[in-house]
Amino acid sequence: MQQYFNFKLLKKSEKSNARAGIFLTPHGEIRTPIFMPVGTNSAVKTLTSDQVKDTGAQIILSNSYHLYLRAGTKRIKKFGGIHKWMNWDKPVLTDSGGFQVFSLAKLRKITEDGVEFQDPKDGSKHFISPEVSMEIQQDIGADIIMAFDECAPYPCDYETAKAAMERTHRWLDRCFKAKTNPQQALFPIVQGAFFDDLRMESARVVSTYNAEGYAIGGVSVGEPDDIKNHFVELTAPLLPENKPRYLMGVGTPIDLLDGIKHGIDMFDCVLPTRNARHGSFFTWEGKKNIKNKQFQDDERPLDENCQCYACKNHSRAYIRHLFKCQENTALTLLSIHNIQFLIEFSQRCRQEILNGTFEEFYDKYYDVFKK
RNA sequence: GCGGGUGUCGUCAAGUGGUUAAGACCUCGGAUUGUGGUUCCGAUAUACAUGGGUUCGAAUCCCAUCAUCCGCC
């Protein structure tokens, strides 16, 4: 049987758990560590697929929950799958809908079978189970699909966290049984909230599956940074070393530095596009906000060392003007910049790992982004 | 020239005799983490057109001046 996925570890740091690799998928390779932009409704907000491609994105994330409710995943299947649907020929990852049901749906009823919820937009009732999620994700046709999990809130008590974790494990088994397409990699998700023994247990259970990659979920749900960091540090090394590790929903440049240091290979986050919509942008000198008056006559690009479309063509003064006038182009330019910045940031970490200098890079930029 | 209206922070605008003169925009910070697309939180201001008068007390009442708007000649 043909092998559709392959993860090759190119280098492991001697001073930390940082590592650099190449993850091969049916739609091309991903150079890890990598940051993945989020395109919830099969579009990275304010950007065309071409514009996303020009940022250097190697893979994008989309979403079962949203595409199931709108567009309809049968329609996308009939169209020929998400790559053709959105004219994107690189790898795609879809989230399972578990997190969205947890964070977005107003009315939801979780049972052993699955989750019943209402579409907050029109009130219609729906049901997603591990089997339904697998069917949805196979219809969408992403390269990487995620297990249907139950994400516990923060804070939460031990019993709730344990019950959610155990259900996630039982659902994981059902996901693997329901998944049929060998051209899709199913990543299990570690849960366990913020309890050491639960996280360790979940990492152990999840690792018993011979998956193409493994994810850590249930973080960035409102917990303090040091707590998040502790659980990433605890969990990541417990996952199989020869497979990519994906930290879901993270993060900031500092989150990337910490995650990579602890052995994470993949990240996704809405931050670059959401921040863009709020005017803030990343630079190699830290985070700034285009709304600030100091930029009104600034003829420099957003970042002088950035090669993105926005930086090669436009000034801070012009982009600030567009933003103040609420022109959508401002959001596009800032999104392009922020996405390209985080991708380049992850690829710079990769290069530093290959050079054996990641830890110095970590120290330097940890301070820059500490604020 | 005559008649009438209006003058409160950079802008808009509450307040019509009584303690530190609302609020919004702007400006300046902060937040945002597997996305309900312009959000949320906080901070900052030499502001009652000018000069008199009435009153225990005036942004508020009276007079004059100036500015501005409308109408008429």
Side-chain angles (χ1 to χ4, degrees), chain A residues 35-47 59-67 69-70 92-106 117-123 133 137 142 144-151 154 168 187-191 215-225 227-229 232 246-256 258-259 264 266-282 286-296 320 322-332 334-335 338-339 342 369 371:
Chain A
F35 177 82
M36 309 182 282
V38 178
T40 302
N41 293 306
S42 63
V44 175
K45 288 186 189 301
T46 75
L47 303 189
I59 171 174
I60 59 171
L61 183 149
S62 193
N63 203 284
S64 301
Y65 172 89
H66 297 266
L67 293 179
L69 290 178
R70 256 159 297 275
V92 176
L93 180 155
T94 45
D95 201 359
S96 66
F99 182 81
Q100 286 67 37
V101 166
F102 153 79
S103 67
L104 303 179
K106 289 268 182 292
F117 65 96
Q118 270 191 338
D119 180 353
K121 252 182 172 165
D122 66 10
S133 178
Q137 294 189 80
I144 300 167
I145 64 178
M146 301 304 299
F148 189 68
D149 60 340
E150 182 183 345
C151 185
Y154 176 86
T168 294
F187 281 25
I189 303 173
V190 174
Q191 287 292 345
I216 297 172
V219 296
S220 278
V221 290
E223 77 282 6
D225 282 348
I227 291 183
K228 167 173 56 193
N229 199 33
V232 172
Y246 164 29
L247 181 58
M248 305 186 76
V250 170
T252 64
I254 283 191
D255 288 338
L256 262 57
D258 278 329
I264 299 295
M266 300 163 69
F267 302 85
D268 82 276
C269 192
V270 304
L271 220 52
T273 44
R274 180 174 292 168
N275 277 357
R277 276 177 264 127
H278 297 166
S280 77
F281 61 98
F282 297 112
K287 199 175 72 169
K288 299 181 195 295
N289 197 305
I290 199 65
K291 288 184 285 188
N292 293 358
K293 195 176 186 179
Q294 59 172 305
F295 300 130
Q296 72 179 347
R320 177 174 192 274
L322 294 180
F323 194 92
K324 302 293 272 187
C325 294
Q326 301 190 20
E327 286 291 341
N328 290 336
T329 305
L331 311 185
T332 299
L334 290 169
S335 292
N338 283 344
I339 286 170
L342 284 182
F369 286 101
K371 77 179 161 271

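Residue numbers begin at 1 in each chain, while the letters A, B, ... track the order of the sequences.
Spacing between B:A58 and B:U50 at atom C1', rounded to whole Å, works out to 16 Å. A gap of 46 Å separates the P atoms of B:G30 and B:A67, to the nearest Å. Using atom P as the reference point in both B:U32 and B:A13, the two lie 38 Å apart (nearest Å). One C1' atom belongs to B:U19, the other to B:G4, and the distance between them is 37 Å to the nearest Å. One P atom belongs to B:G29, the other to B:U65, and the distance between them is 48 Å to the nearest Å. Nucleotides B:G53 and B:A59 are separated by 15 Å at their P atoms, to the nearest Å. B:U16 sits 22 Å from B:G51 when the C1' atoms are compared, rounded to a whole Å. For the C1' atoms, the distance from B:U60 to B:G17 is 6 Å, rounded to whole Å.
In this structure, the separation between CG on A:Asp225 and OG on A:Ser220 is 8.0 Å, given to the nearest 0.5 Å. Atom-to-atom distance recorded for A:Ile216:CD1 and A:Leu247:CG is 5.5 Å, nearest 0.5 angstrom. In this structure, CD1 on A:Ile290 lies 6.0 Å from CZ on A:Phe295, to the nearest 0.5 angstrom. If you take CZ on A:Phe35 and CD1 on A:Ile59, they are separated by 11.5 Å, rounding to the nearest 0.5 Å. Put simply, OG1 on A:Thr168 and CG on A:Asp149 are 5.5 Å apart, with the number rounded to the nearest 0.5 Å.
Residues meeting the side chain to side chain contact (heavy atoms under 4.5 Å, CB included) test with A:Lys291, sequence neighbours left out: A:Asn289, A:Phe323. Considering only residues two or more places apart in sequence or on other chains, A:Phe99 meets the ring pair (Phe, Tyr, Trp, His ring centres under 6.0 Å) condition with A:Phe102. Legend: residues meeting side chain to side chain contact (heavy atoms under 4.5 Å, CB included) with A:His66, ordered by chain and number and at least two apart, are A:Thr40, A:Asn41, A:Asn63, A:Gln100, A:Leu104. In this view, A:Asp255 and A:Lys228 satisfy the salt bridge (Lys or Arg N to Asp or Glu O under 4.0 Å) rule, not counting sequence neighbours. Applying the ring pair (Phe, Tyr, Trp, His ring centres under 6.0 Å) test to A:Phe282 and every residue at least two apart in sequence or in another chain returns A:Phe341. Partners of A:Gln137 under the side-chain hydrogen bond (donor to acceptor under 3.5 Å, both in side chains) rule, at least two apart in sequence or in another chain, are A:Thr94, A:Ser133. With sequence neighbours left out, A:Phe148 forms a ring pair (Phe, Tyr, Trp, His ring centres under 6.0 Å) with A:Trp171. With sequence neighbours left out, A:Asp119 forms a salt bridge (Lys or Arg N to Asp or Glu O under 4.0 Å) with A:Arg70.
Across B:G34, B:U27, B:G29, the shortest atom-to-atom separation from the side chain of A:Val270 is found for B:G34. You'll find that the side chain of A:Cys151 is closest to B:G34, out of B:U33, B:G34, B:U32.
Pairing analysis of RNA chain B (Watson-Crick: purine N1 to pyrimidine N3 plus N6-O4 or O6-N4; G-U wobble: N1-O2 and O6-N3; both under 3.5 Å) yields stems of 3 or more pairs at B:1-7 with B:66-72, B:10-12 with B:23-25, B:27-31 with B:39-43, B:49-53 with B:61-65.
When heavy atoms are screened at a 4.0 angstrom cut-off, A:Lys324 is found touching the sugar-phosphate backbone but no base atom. Heavy atoms of A:Asp268 sit under 4.0 angstrom from primed sugar atoms or phosphate atoms, though from no base atom. At the heavy-atom level, A:Asp225 lies under 4.0 Å from base atoms of the strands shown. Within 4.0 Å (heavy atoms only), A:Gly222 reaches no atom of the nucleic acid at all.
We find that CG of A:Asn289 is positioned 11 Å from C1' of B:A31, with the value rounded to whole Å. Between A:Gln296 atom CD and B:U27 atom P the separation is 9 Å, expressed in whole Å. Distance A:Tyr154 OH to B:G34 P: 18 Å, rounded to the nearest Å. For A:Leu61 and B:U33, the CG to C1' distance is 13 Å, given to the nearest whole Å. Nucleotide B:G34 holds its P atom 13 Å from the CD1 atom of A:Ile189, rounded to whole Å. The CD1 atom of A:Ile144 sits 13 Å away from the C1' atom of B:G34 (whole-angstrom rounding). Here B:G34 presents its C1' atom at 15 Å from CD of A:Glu150, a figure rounded to the nearest Å. One atom, CD1 of A:Ile216, and another, P of B:G34, lie 16 Å apart when rounded to the nearest Å.
Under a 3.5 Å cut-off, the side chain of A:Arg277 and the backbone N or O of A:Leu331 do not form any donor-acceptor pair. When atom types are taken as modelled, the side chain of A:Gln326 and the backbone of A:Lys324 share no donor-acceptor pair closer than 3.5 angstrom. Proximity of a side-chain donor or acceptor of A:Asp268 to a complementary backbone N or O of A:Met248 within less than 3.5 Å is not detected.
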Pairs under 3.5 Å (N/O, protein and nucleotides 10-12 of chain B):
none

Where do N or O atoms of nucleotides 42-44 of chain B meet protein N or O atoms at under 3.5 Å, pair by pair?
none

Is there any protein nitrogen or oxygen under 3.5 Å from a nitrogen or oxygen in nucleotides 37-41 of chain B, and what are the pairs?
residue	atom	partner	partner atom	Å
B:G37	O4'	A:Arg277	NH1	3.3
B:G37	N7	A:Lys45	NZ	3.4
B:U38	O4	A:Asn328	OD1	2.6

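The phosphate of B:G29 has OP1 or OP2 within less than 4.0 Å of a side-chain N or O from A:Asn292.
No hydrogens or angles were tested; on distance alone, nothing pairs the side chain of A:Asn63 with the base of B:G34 as donor and acceptor under 3.5 Å.
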